[in-house]
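Fair warning: this is a prediction, and the values are worked out from it, not measured in the lab. Whatever order the structure lists ligands and atoms in, that order sets their numbers, starting from 1.
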Amino acid sequence: MRMYLTMFTLALAAAVAMYAADAKAGKAVYDTSCKSCHGPDGTPNPAVAKMMKVEMKDLKTTDADIASVVTKGKGKMQPVKAVTGNAVDDVAAYVHSLKK
Ligand code: HEC
């Protein structure tokens, strides 16, 4: 019983630690690879929209499949090649967390 409780506690601690790491890692990825175009909080940079001649949606309200947009691109947005593997999931989680 004691053994079971210890393992349960460890598993729970690991799950909590993983969740925290995701959000933090996602923000770092966003700040490096997305912020210049999508703004610090998901509000598009108007200069970028004008330069690319496209109307950019607010990332806070988008229902797009973020992971797919990042890896395959969408419309005038090119795939972000620097973001791969876990970083794709992390940044998607971070963008979803911007929703209000
Ligand atoms: C070079 C500028 C640029 C960078 C860097 C960039 N984007 Fe974009 N993104 C755009 C533009 C422009 C669009 C609009 C494309 C269109 O509608 O033709 C867009 C569209 C999107 C959309 C779709 C929104 C919708 O509702 O249709 C998502 C999601 C998105 N970007 C996420 C990201 C994420 C996450 C990153 C970082 C990994 C990123 N973008 C990096 C310029 C950029």
Residue set satisfying side-chain contact (heavy atoms from CB on, under 4.5 Å) with Val48, at least two apart, ordered chain then number -> Cys37, Asn45, Met52, Met56
Per side chain to side chain contact (heavy atoms under 4.5 Å, CB included), His96 is matched among Leu59, Val91, Ile66, Thr62 by Ile66
Separation between OG1 (Thr61) and NZ (Lys99), nearest 0.5 Å, reads 8.0 Å
Note every protein N or O atom lying under 3.5 Å from an N or O atom of ligand 1, pairing the names and giving the distance.
residue  : atom   : partner : partner atom : Å
ligand 1 : 7 (N)  : His38   : NE2          : 2.7
ligand 1 : 9 (N)  : His38   : NE2          : 2.8
ligand 1 : 18 (O) : Lys76   : N            : 2.8
ligand 1 : 26 (O) : Thr62   : OG1          : 2.4
ligand 1 : 27 (O) : Lys74   : NZ           : 2.5
ligand 1 : 31 (N) : His38   : NE2          : 2.8
ligand 1 : 40 (N) : His38   : NE2          : 2.7

d(Asp58 CG, His38 NE2) to nearest 0.5 Å is 10.5 Å
When every non-hydrogen atom of Thr71 is compared with those of Pro79, the smallest separation belongs to O-CB, 3.3 Å
Main-chain N/O of Tyr30 paired to Ser33 side chain as donor or acceptor, under 3.5 Å
no
